[in-house]
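Encoded as structure tokens, the structure appears first; notes follow it.
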2 protein chains.
Amino acid sequence: MFQVPTKTQYAIRALVHLVRTKSASVASIAEAQRIPLKYLEAILGQLKSAGLVVAVRGRSGGYRLARDPELILMSDVVRATEGEITPVGCLDDAGFCMVSEACLPRPFWFGLKRVVDAYLESVTLAEIAEPGFLPAPESSQRDFVARG
Amino acid sequence: MFQVPTKTQYAIRALVHLVRTKSASVASIAEAQRIPLKYLEAILGQLKSAGLVVAVRGRSGGYRLARDPELILMSDVVRATEGEITPVGCLDDAGFCMVSEACLPRPFWFGLKRVVDAYLESVTLAEIAEPGFLPAPESSQRDFVARG
DNA sequence: TAAATTCCTACTTGGTTAGTCTGAATATAT
DNA sequence: ATATATTCAGACTAACCAAGTAGGAATTTA
């Protein structure tokens, strides 16, 4: 569960690379990060469409970040490669599950979405690119749900 | 991203059903929860292997919870249907990504795993089966990561 | 002994992910 | 100018996995 697609992993690695090199061609990123060249081309295209990177075409062109990495949230990146986070369909559509007990689980899924979203919004690209970044040792998630 | 497989959704719905009915046949659960019969059979088999439910074979048999729903964590359920939560392969194997900057993102993924795990462990089946269950309105996830 | 049930194994099917291929458009270095 | 290095675009393919089916065997009770 929660297997993150390689596309997103590649995207993040590429962006981290750009944090450190300022500017780089697809080929150089692909080699340094061992990402299939043509695949990475497509991925950077998506990141460009999402406004996270800027491309310079032609000889001695390449990619660079569209803004400071402190201003790029990981939620931005994930949204760029995969769209919104919706653990379960019934968070959008209001079909069967609204009616019966079948959708008692709905608030639970919604809580999961909130927790994941909050985490992704709490981390910036700049932080990831910094070698010292570490998750905190201990804390209970318990406070993030209220009982009815 | 984070699309939860229907198998897991079905598993949870089935378990919630068992919280409320005490005991039920696959057929009755399948009908009430609109889950494909044969598929649900397989799913309940997994839940049984995981020790979450108990089966009674033969006529007037069925399934019931193996223990009180207060003692069943949602992490138990998810683990039963999908195994461990590993957003990214390199959280297990220590290959390429350990070496170079390629795996600067690793702590980030680890943090995600921790956040999700913590949430799933913070909610019990009993709570989900209760109509009043609701995620809390506001709180920052920021406290769950430390900067290096 | 018939009916209702769990259990087991194999199969099918559709969609998604991951990646390739070919080549066009564009800009620069020389 | 022209060769070269790059981004860009779209179709295509292969492999995998989720989702669900099919058929029947094993088991227990009414």
Side-chain angles (χ1 to χ4, degrees), chain A residues 1-14 17-18 21 23-66 78 80-83 86-89, chain B residues 1-14 17-18 21 23-66 78 80-83 86-89:
Chain A
M1 195 193 192
F2 294 121
Q3 260 284 70
V4 175
T6 62
K7 184 201 277 191
T8 299
Q9 300 180 42
Y10 289 161
I12 293 175
R13 299 228 303 261
H17 191 89
L18 285 179
T21 65
S23 172
S25 69
V26 176
S28 66
I29 301 173
E31 197 200 350
Q33 297 288 326
R34 322 234 182 138
I35 300 170
L37 175 66
K38 297 305 269 182
Y39 198 25
L40 182 56
E41 267 186 12
I43 293 168
L44 282 167
Q46 274 190 265
L47 296 179
K48 181 194 163 199
S49 298
L52 298 181
V53 298
V54 167
V56 177
R57 298 180 67 158
R59 186 161 179 168
S60 83
Y63 284 92
R64 59 179 176 79
L65 294 181
V78 169
T81 60
E82 309 185 36
T86 51
V88 158
Chain B
M1 195 192 192
F2 293 119
Q3 261 283 69
V4 174
T6 62
K7 183 202 280 192
T8 298
Q9 301 179 44
Y10 289 162
I12 293 175
R13 299 226 306 259
H17 191 89
L18 286 178
T21 64
S23 172
S25 69
V26 177
S28 67
I29 301 174
E31 198 200 349
Q33 297 288 327
R34 321 231 183 141
I35 300 171
L37 175 66
K38 298 300 271 182
Y39 198 25
L40 182 56
E41 267 185 13
I43 293 168
L44 282 167
Q46 276 190 264
L47 296 180
K48 182 194 163 199
S49 300
L52 298 181
V53 299
V54 166
V56 177
R57 297 180 69 159
R59 186 159 180 169
S60 83
Y63 284 92
R64 59 180 176 78
L65 295 181
V78 169
T81 60
E82 308 185 40
T86 52
V88 157

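These figures come from a predicted structure and were not determined experimentally. Protein chains get the first letters and strands the later ones, always in sequence-line order, with residue 1 at the start of each.
Atom CG in A/Leu40 sits roughly 14 Å away from atom P in D/dT6 (whole-Å rounding). For B/Leu37 and D/dA22, the CG to P distance is 12 Å, given to the nearest whole Å. When rounded to the nearest whole Å, the span between CD of B/Glu31 and C1' of C/dT5 equals 16 Å. A/Arg34 has its CZ atom 19 Å from the C1' atom of C/dG19, to the nearest Å. Across the protein-nucleic acid pair, A/Ile43 atom CD1 and D/dC8 atom C1' stand 15 Å apart, rounded to whole Å. Look at CD on A/Gln9: it is 12 Å from C1' on C/dA18, rounded to the nearest Å.
Applying the salt bridge (Lys or Arg N to Asp or Glu O under 4.0 Å) test to every pair with at least one member in residues 39-54 of chain B, sequence neighbours left out, gives these pairs: B/Lys38-B/Glu41.
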Along nucleotides 21-28 of chain C, 5' to 3', which nucleotides get a B, which get an S, and which get a -, given that the test is a protein heavy-atom distance under 4.0 Å? BBB-BBBB
Let me have a per-nucleotide readout for nucleotides 15-20 of chain D, 5' to 3', with B, S or -, counting only protein heavy atoms under 4.0 Å. ----BB
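B/Ser25 is linked by a side-chain contact (heavy atoms from CB on, under 4.5 Å) to B/Ala27, B/Ser28, counting only residues two or more places apart in sequence or in another chain. Scanning for side-chain contact (heavy atoms from CB on, under 4.5 Å) contacts around B/Ala42 gives an empty result, with sequence neighbours left out. With sequence neighbours excluded, the residues forming a side-chain hydrogen bond (donor to acceptor under 3.5 Å, both in side chains) with B/Thr8 are B/Thr81, B/Glu82, listed by chain and number. Among residues two or more places apart in sequence or in another chain, the side-chain hydrogen bond (donor to acceptor under 3.5 Å, both in side chains) test is passed with A/Gln3 by none.
Taking every heavy atom of both residues into account, A/Tyr63 and A/Leu18 meet most closely at O-CD2, 3.4 Å. The two residues B/Ala24 and B/His17 make their nearest non-hydrogen contact at CB-CD2, 4.3 Å.
For A/Lys48, a side-chain nitrogen or oxygen approaches OP1 or OP2 of D/dC8 to under 4.0 Å.
Rounding to the nearest 0.5 Å gives a distance of 10.0 Å between CD1 of B/Ile43 and CD of B/Gln9.
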Write out a two-atom table: protein N or O, nucleotide N or O from nucleotides 10-14 of chain C, distance below 3.5 Å.
none

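Side-chain atoms of A/Gln33 never come within 3.5 Å of backbone atoms of A/Tyr10 as a donor-acceptor pair (strictly under, hydrogens ignored).
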Enumerate, atom names and distances included, each donor-acceptor pair closer than 3.5 Å involving a side-chain atom of residues 53-61 of chain A, sequence neighbours excluded.
none

What do the steps show when you test A/Ile29 against A/Val26 for side chain to side chain contact (heavy atoms under 4.5 Å, CB included), and what is the final call? CA-CA 5 Å; A/Ile29 301 173; A/Val26 176; 5.9 Å; no
